[in-house]
Amino acid sequence: MKAIELRNKYLNFFKSKGHSIIPSSPLVPENDPSVLFTTAGMHPLVPYLLGEVHPAGKRLTDYQKCLRTDDIEEVGDTGHLTYFEMMGNWSLGDYFKKESINYSYEFLTKELNIPVEKISVTCFEGDSDCQKDTESAEIWESLGIPKSRIYYFGKKENWWGPAGTHGPCGPDTEIFYDTGKEKCSEECNPSCNCGKYLEIWNNVFMQYNKTLDGKYEELKQKNVDTGLGLERTTMVLQGKSSVFEIEIFKPIMDKLDELSIVKNEKSFRIIAEHLRASIMLIADGVKPSNIEQGYILRRLIRRIIRHLKNVGINANLIKDLLVLNIDILKDMYPELVKKQEEILLVVEAEKEKFTKTLENGEKEFLKALNRAKSEGKTTIDGATVFKLYETYGFPPEITEELAKENDVKLDLKEYEVLYKKHQEKSRQGAEQKFKGGLAERNEETISYHTATHLLHKALRMVLGEHVAQKGSNITVERLRFDFSHPAKVTEEELKKVEQIVNEQIEKKLDVVCEEMSIEDAKKSGAIGLFENKYGDIVKVYTIGDFSKEICGGPHVKNTGELGKFVIKKEEASSAGVRRIKAVLTNN
Ligand code: SER
């Protein structure tokens with residue numbers, strides 16, 4: 001069965017069970033700034049899981065385009081994908097565990113003819129937030145899954161959500177396919193990732209809402225949210241052991257094999273996976289850039305080019321690969337045909353940029369190589385590796401490849417030291433920048449600092465998401481905020497911004513600080529400076545559910561402390577950058 005056939009079978013099955021088929025939402029969430037991408041089918045449905053009425057009813061089904069960037073580095077093995085399609089069915093306060101499990105069982109064993117013996121399941125073992133899910137286990141048993149194939153696990157395995165920092169979540173029961181491989185040990189079970197058990201479906205019983213302060217509240221309605229991985233299930237049904245062997249990827253893999261000089265399966269997979277993900281992202285309006293979604297796209301395209309180089313394929317052939325890939329995908333996504341030209345242009349431009357970077361970096365490397373040789377050294381110093389990273393955007397692994405080709409070593413220890421120093425400096429720099437005039441930390445300046453976050457968000461709401469902080473300066477008397485925007489901000493827009501900020505002040509919103517990695521901060525939808533640094537811990541300040549920003553602080557505890565916000569002046573600061581001065585008054 002092809003992926004598209006599985007997709008249609010799934011939708012029709014759930015339609016026959018009274019579900020309305022709804023369209024996939026775009027990859028970039030429309031109304032949820034808490035994550036960069038749609039990462040699950042439930043994502044666009046959050047308001048309805050929380051109780052809003054869905055126009056299509058209480059039983060829904062769809063396929064959802066998803067992108068997960070958590071394990072970009074894992075792509076290249078048999079199963080990891082950044083872009084994937086999630087099939088889903090939902091009950092919005094309608095049916096619950098019994099029907100949900102029965103539907104899944106019927107679909108897998110009757111529609112897909114998967115033998116019952118191939119199925120194992122897991123259920124939630126219970127903790128202080130939620131009791132053990134014996135109910136699901138009993139339903140599975142009643143359907144003929146023996147106790148020996150029903151496993152219990154804790155939150156790490158059998159709890160899903162929320163998708164961002166807060167929102168609907170709950171215990172789940174997961175369905176695994178036994179690939180027939182030998183158990184890797186006595187204890188081997190579905191939580192083991194040796195490849196014997198493949199998770200194909202996840203049925204979440206969403207009955208909680210996790211609040212911003214980490215509490216689990218019972219939801220008004222009990223929902224079901226399920227997700228079935230389309231590519232992975234197709235692979236299982238076709239008896240393949242890698243998703244790259246199914247028809248979505250196979251022709252690209254074959255083409256890469258034909259064009260390449262070096263046969264490297266892992267590089268082929270990375271190229272094939274990232275090509276599809278890039279196509280889907282560009283089709284949904286993402287452009288390469290240095291921040292947020294655009295940065296992920298940039299990374300994907302650059303990785304494609306590096307791996308093409310790895311296997312000896314001329315990067316100019318990327319165009320042919322894209323055309324072939326769009327042709328493969330067009331049955332599943334007819335909208336790609338119209339977007340083909342744009343996709344080719346965007347990738348081409350990024351390729352040009354990166355090729356130049358690669359060339360300049362290589363020249364720099366060769367200079368360093370010759371220097372080292374003339375001094376009789378067999379190691380290139382860490383400062384060069386660092387310069388290549390900082391100035392030419394060469395991740396150390398590219399430099400390592402070059403070193404290997406040229407038979408020299410790199411002083412990676414020295415590089416690490418320099419890199420850490422740089423991280424620390426840019427972190428302090430970022431904090432400094434955000435601090436503005438906060439050298440004197442008193443009540444006024446702290447209030448202005450929080451007001452700046454409210455202003456930043458309000459500007460993005462009124463003028464658009466292109467608004468980004470370009471500078472901030474705070475004194476005890478006023479705040480000054482510079483931001484990107486191509487035109488003068490009108491009187492009316494300023495009024496709106498002022499009004500939005502004052503509303504948040506009147507709402508007396510709590511200001512909460514959390515520490516997290518820059519990756520998590522990005523994922524949580526925080527705005528702020530995302531430089532090319534990973535693994536760094538940053539502070540994220542959240543103001544109610546209004547604003548979320550990376551920032552060094554400090555801030556007031558509650559917006560109620562701020563007084564009234566008044567914009568005094570709006571003017572040009574430099575090309576494409578506007579400046580606002582504003583005050584807080586006591587009435
Ligand atoms: N939200 C759950 C998941 O992502 C089920 O759809 O697995």
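Bear in mind that the values here come from a model prediction, so they are computed numbers and not experimental data. Ligands are counted one by one from 1 in listed order, and the atoms in each one are counted from 1 as well.
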A.B. asks: Taking heavy atoms and a distance under 4.0 Å, where does Thr226 meet ligand 1: side chain, backbone, both or neither?
C.D. replies: backbone
A.B. asks: Using a 4.0 Å cutoff against the non-hydrogen atoms of Asn202, which atoms of ligand 1 qualify?
C.D. replies: 2 (C), 3 (C), 5 (C), 7 (O)
A.B. asks: Output side-chain donor-acceptor pairs under 3.5 Å for residues 113-126, partner residues at least two apart or in another chain, one line each.
C.D. replies:
unit_1: Lys118; atom_1: NZ; unit_2: Asp178; atom_2: O; d: 3.1
unit_1: Thr122; atom_1: OG1; unit_2: Asn158; atom_2: OD1; d: 3.4
unit_1: Thr122; atom_1: OG1; unit_2: Asn158; atom_2: ND2; d: 2.9

A.B. asks: Can you confirm whether the side chains of Asn89 and Thr226 place a donor and an acceptor under 3.5 Å from each other?
C.D. replies: yes
A.B. asks: Report yes or no: does Arg68 have a heavy atom closer than 4.0 Å to ligand 1?
C.D. replies: yes
A.B. asks: Which ligand 1 atoms does Met42 reach within 4.0 Å, using its non-hydrogen atoms?
C.D. replies: 1 (N)
A.B. asks: Once the angle between the rings of Phe107 and Phe14 is folded into 0 to 90°, is it parallel (under 30°), tilted (30 to 60°) or perpendicular (over 60°)?
C.D. replies: tilted
A.B. asks: Determine whether more than 12 heavy atoms belonging to other residues, nucleotides or ligands lie under 6.0 Å from atom NZ of Lys155.
C.D. replies: yes
A.B. asks: Any Lys/Arg nitrogen of Lys17 or Glu106 sitting under 4.0 Å from an Asp/Glu carboxylate oxygen of the other?
C.D. replies: yes
A.B. asks: May I ask you to check if Arg7 and Tyr333 form a cation-pi contact, with NZ or CZ under 6.0 angstrom from the six-membered ring centre and within 45° of the axis?
C.D. replies: yes
A.B. asks: When you measure from atom 3 (C) of ligand 1 to every protein heavy atom, which one gives the shortest distance, and what is it?
C.D. replies: Trp160 NE1, 3.3 Å
A.B. asks: Applying a strict 4.0 Å limit to heavy atoms, is Met86 in contact with ligand 1?
C.D. replies: yes
A.B. asks: Name the residue from Trp201, Tyr103, Tyr63 that meets the ring pair (Phe, Tyr, Trp, His ring centres under 6.0 Å) definition with Tyr10.
C.D. replies: Trp201
A.B. asks: State the atoms of ligand 1, each with its element, that fall below the 4.0 Å cut-off from a heavy-atom position in Gly227.
C.D. replies: 5 (C), 6 (O)
A.B. asks: Find all atoms of ligand 1 within a distance of less than 4.0 Å from any non-hydrogen atom belonging to Val204, and give their numbers and elements.
C.D. replies: 2 (C), 5 (C)
A.B. asks: Need the ligand 1 atom indices (1-based, order shown) with element for anything under 4.0 Å from a heavy-atom of Asp225.
C.D. replies: 1 (N), 2 (C), 5 (C), 6 (O)
